[in-house]
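Notes follow once the structure below has been shown.
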Amino acid sequence: MSALLPPGIIGIIGGGQLGQMMIYRSKKLGFRFAVLDVKGSPAHSLADIVIEGSLKDKDAIEQLAKESDVLTYEIEHINTNALMDLHSKNCSIFPSPDVLHIIQDKLLQKELFIKKGLPCAPYFSDDINSIKKFPIVQKTRKEGYDGRGVKVLKSETDEILKGASIFEELIDIDKELAVMVSRSRDGSIAVFPVTEMAFNPDHNICDTVIAPARVSEKIAEDAREIAVSVVKALDGVGIFGVELFLDKKGNVLLNEVAPRPHNSGHYTMEACVTCQFEQHVRAVTGLPLGDTKLLRPAVMLNLLGQAGSNGKMVLHGYEEAMKIPGLSIHLYGKNDVKPFRKMGHFTVTADTIEEAVKKAEHIRSILKISGDNKS
């Protein structure tokens with residue numbers, strides 16, 4: 001299959017912040033973009049072609065396909081059957097619908113990991129009644145995101161999440177790591193630096209990403225090797241966010257995979273030669289992959305809606321934060337603030353990782369987002 005060249009049209013299923021950043025970081029390549037999502041989605045203001053509709057709507061997805069030379073997506077929760085039908089008619093879709101079918105279901109992910117001999121957190125069963133050892137982690141098989149669909153169960157009396165689930169052993173975690181892996185149509189692979197993630201303990205939302213991760217080279221190499229192996233196992237094309245656990249014994253375990261740009265890769269926009277969004281576009285169009293070299297240490301923090309916030313966005317500390325050297329702020333243009341909703345992020349770079357962490361914590365203390373609570 002020959003590469004798609006500008007001014008070809010890339011169709012994106014999903015118009016959230018990932019689609020928005022994919023467009024504004026890849027427009028320079030000369031491609032045009034068509035986007036499917038509901039009215040008012042962040043990416044719509046940048047798209048060349050806008051299709052308003054549900055990501056589950058077969059007709060809307062088919063309309064997007066007619067407008068596009070290649071299809072991709074920035075979210076997993078879409079109509080896979082519609083994509084499989086299009087794929088059977090030789091529509092170019094990357095990552096493939098087969099990959100998405102596996103990623104959408106955490107049980108299928110886990111079964112693939114085990115089949116391929118990849119180290120991962122052991123899972124017990126999909127039946128809570130058969131589990132005797134606690135604490136455990138419950139994960140709903142489908143539709144989970146940003147902390148939703150994951151719960152630690154401390155005993156058999158804890159209320160469980162509704163829906164089909166898997167139950168995993170609770171890992172004694174030292175750090176949570178992530179690796180962005182890109183794979184092009186010809187099978188070539190480029191790997192971004194291993195990053196360290198911290199999560200909000202109350203809402204299980206990724207809070208901070210540190211690049212590079214503060215781990216030994218041996219652990220970083222183990223993480224890269226596992227991440228590349230899982231993308232090869234999926235026969236994936238595009239960019240993949242591979243989440244991993246580092247346990248207290250120094251073992252690296254595979255957690256989950258996202259077949260798209262990922263929160264843990266946002267830092268690449270300021271800190272790497274090629275960012276994750278451009279890399280994804282290069283991969284799905286069949287162009288050579290870009291250089292993934294880290295230029296400067298970086299820390300990224302998500303800007304979440306404050307607890308109790310609703311209504312239109314109100315920024316606090318914006319001007320003061322903007323005075324800090326090395327800071328880049330990204331606001332997603334979402335209409336309404338909700339508690340702990342991702343409204344944007346910021347990345348700060350520095351000469352050392354220690355300096356970047358110190359700057360990021362200072363910015364965290366002054367830059368906040370609330371709502372006007374009028375709607």
What side-chain donor-acceptor pairs closer than 3.5 Å can you find for residues 319-331, not counting sequence neighbours?
| residue | atom | partner | partner atom | Å |
| --- | --- | --- | --- | --- |
| H330 | ND1 | Y24 | OH | 2.6 |
| H330 | NE2 | E270 | OE2 | 2.9 |

Under 3.5 Å donor-acceptor pairs involving side-chain atoms of residues 295-304, not counting sequence neighbours:
| residue | atom | partner | partner atom | Å |
| --- | --- | --- | --- | --- |
| R296 | NH1 | T349 | OG1 | 3.3 |
| R296 | NH2 | D351 | OD1 | 2.7 |
| N302 | OD1 | N263 | ND2 | 3.1 |
| N302 | ND2 | C206 | O | 2.5 |
| N302 | ND2 | N263 | OD1 | 2.6 |

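For K56 and E143, the salt-bridge test passes: some basic side-chain N is under 4.0 Å from an acidic carboxylate O. Remark: R224 engages E221 in a salt bridge, criterion side-chain N to carboxylate O under 4.0 Å. Under a 4.0 Å N-O distance rule, the pair K27/D48 qualifies as a salt bridge. In this structure, K115 does not pair ionically with E111, as no charged nitrogen and carboxylate oxygen lie closer than 4.0 Å. A salt bridge does not link K151 to E159: none of the charged side-chain nitrogens sits closer than 4.0 Å to a carboxylate oxygen. Of the charged side-chain nitrogens involved, at least one lies within less than 4.0 Å of a carboxylate oxygen, so that K248 and D172 count as a salt-bridged pair. Ion pairing between a basic and an acidic side chain is recognised when a charged N comes within 4.0 Å of a carboxylate O; E196 and R214 show such pairing. Classification of E355 and K358 as a salt-bridged pair fails, no side-chain N sitting under 4.0 Å from a carboxylate O. For R32 and E67, the salt-bridge test fails: no basic side-chain N is under 4.0 Å from an acidic carboxylate O.
The side chain to side chain contact (heavy atoms under 4.5 Å, CB included) search around P193 returns Y267, C272, L294, not counting sequence neighbours. Checked against salt bridge (Lys or Arg N to Asp or Glu O under 4.0 Å), D291 has no partners two or more places apart in sequence or in another chain. Every residue was checked against the ring pair (Phe, Tyr, Trp, His ring centres under 6.0 Å) condition with F33, not counting sequence neighbours, and none meets it. Partners of S54 under the side chain to side chain donor-acceptor pair (under 3.5 Å) rule, at least two apart in sequence or in another chain, do not exist in this structure. The salt bridge (Lys or Arg N to Asp or Glu O under 4.0 Å) search around K249 returns none, not counting sequence neighbours. With sequence neighbours left out, the salt bridge (Lys or Arg N to Asp or Glu O under 4.0 Å) criterion links E169 to no other residue.
Q20 places no side-chain N or O within donor-acceptor distance of the main-chain N or O of A43, the cut-off being under 3.5 Å. A donor-acceptor pair is defined here as one N or O able to donate and one able to accept, closer than 3.5 Å; such a pair exists between the side chain of D37 and the backbone of G15. Using modelled atom types, no side-chain atom of S309 and backbone atom of G305 make a donor-acceptor pair closer than 3.5 Å. Judged by distance alone, the side chain of Y73 and the main-chain N or O of P95 form a donor-acceptor pair under 3.5 Å. No donor-acceptor pair closer than 3.5 Å links the side chain of R183 to the backbone N or O of A283. The backbone N or O of A178 lies less than 3.5 Å from a partner atom in the side chain of T195, making a donor-acceptor pair. For S216 (side chain) and I219 (main-chain N/O), a donor-acceptor pair under 3.5 Å exists by modelled atom type.
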Problem set entry | From CA spacing to verdict: side-chain contact (heavy atoms from CB on, under 4.5 Å), Y123, K106 | CA-CA 11 Å; Y123 83 102; K106 288 184 172 62; over 6 Å; no
Exercise. Should D336 and R341 be marked as a salt bridge (charged side-chain N to carboxylate O under 4.0 Å, His left out) after you check the CA-CA gap, both sets of side-chain angles, and the distance that decides it?
Worked result: CA-CA 9 Å; D336 296 303; R341 186 185 192 193; 5.6 Å; no
Exercise. Going through the distances and angles, do E62 and K66 end up as a salt bridge (charged side-chain N to carboxylate O under 4.0 Å, His left out)?
Worked result: CA-CA 6 Å; E62 289 177 349; K66 289 177 183 177; 5.9 Å; no
Problem set entry | Test side-chain contact (heavy atoms from CB on, under 4.5 Å) applied to I136 and E168, step by step | CA-CA 6 Å; I136 58 170; E168 292 184 351; over 6 Å; no
Problem set entry | R25 and Q276: CA distance, side-chain angles, deciding distance, side-chain contact (heavy atoms from CB on, under 4.5 Å) verdict | CA-CA 9 Å; R25 289 307 302 238; Q276 65 163 340; over 6 Å; no
Problem set entry | Criterion side-chain hydrogen bond (donor to acceptor under 3.5 Å, both in side chains) on R364 and T208, from CA distance to verdict | CA-CA 10 Å; R364 184 208 297 269; T208 308; 3.1 Å; yes
For this session: Could you walk me through whether L71 and L86 pass the side-chain contact (heavy atoms from CB on, under 4.5 Å) test, one step at a time?
Result: CA-CA 10 Å; L71 286 184; L86 287 167; 4.2 Å; yes
Exercise. Given Q104 and T80, is the side-chain hydrogen bond (donor to acceptor under 3.5 Å, both in side chains) satisfied, shown in steps?
Worked result: CA-CA 9 Å; Q104 282 182 334; T80 311; 2.6 Å; yes
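With hydrogens and angles left out, the side-chain atoms of S188 and D186 include a donor and acceptor closer than 3.5 Å.
Listed by first then second residue, pairs satisfying ring-ring contact (aromatic ring centres under 6.0 Å, His included) with a partner in residues 275-326 read H266-F277, not counting sequence neighbours.
The hydrophobic cluster analysis finds V314 isolated: no Ile, Leu, Val, Met, Phe, Trp or Tyr side chain comes under 4.5 Å of it, directly or through other members. Through side-chain heavy atoms spaced under 4.5 Å, either directly or across other Ile, Leu, Val, Met, Phe, Trp or Tyr residues, L289 is tied to no other residue. Under a 4.5 Å side-chain heavy-atom criterion applied to ILVMFWY residues, the cluster that includes I171 comprises I173, F245, L253 as well.
When each of Q109, E176, K139 is tested with N255 by the rule side-chain hydrogen bond (donor to acceptor under 3.5 Å, both in side chains), just one qualifies, namely K139. Looking at T72, V35, L83, I75 one by one, the single match for side-chain contact (heavy atoms from CB on, under 4.5 Å) with I13 turns out to be L83.
Cluster membership check: F31 does not share its hydrophobic cluster with I9, using side-chain heavy-atom separations under 4.5 Å among Ile, Leu, Val, Met, Phe, Trp and Tyr.
Counting heavy-atom neighbours within 6.0 Å of K368 NZ, excluding the residue itself, gives a total above 12.
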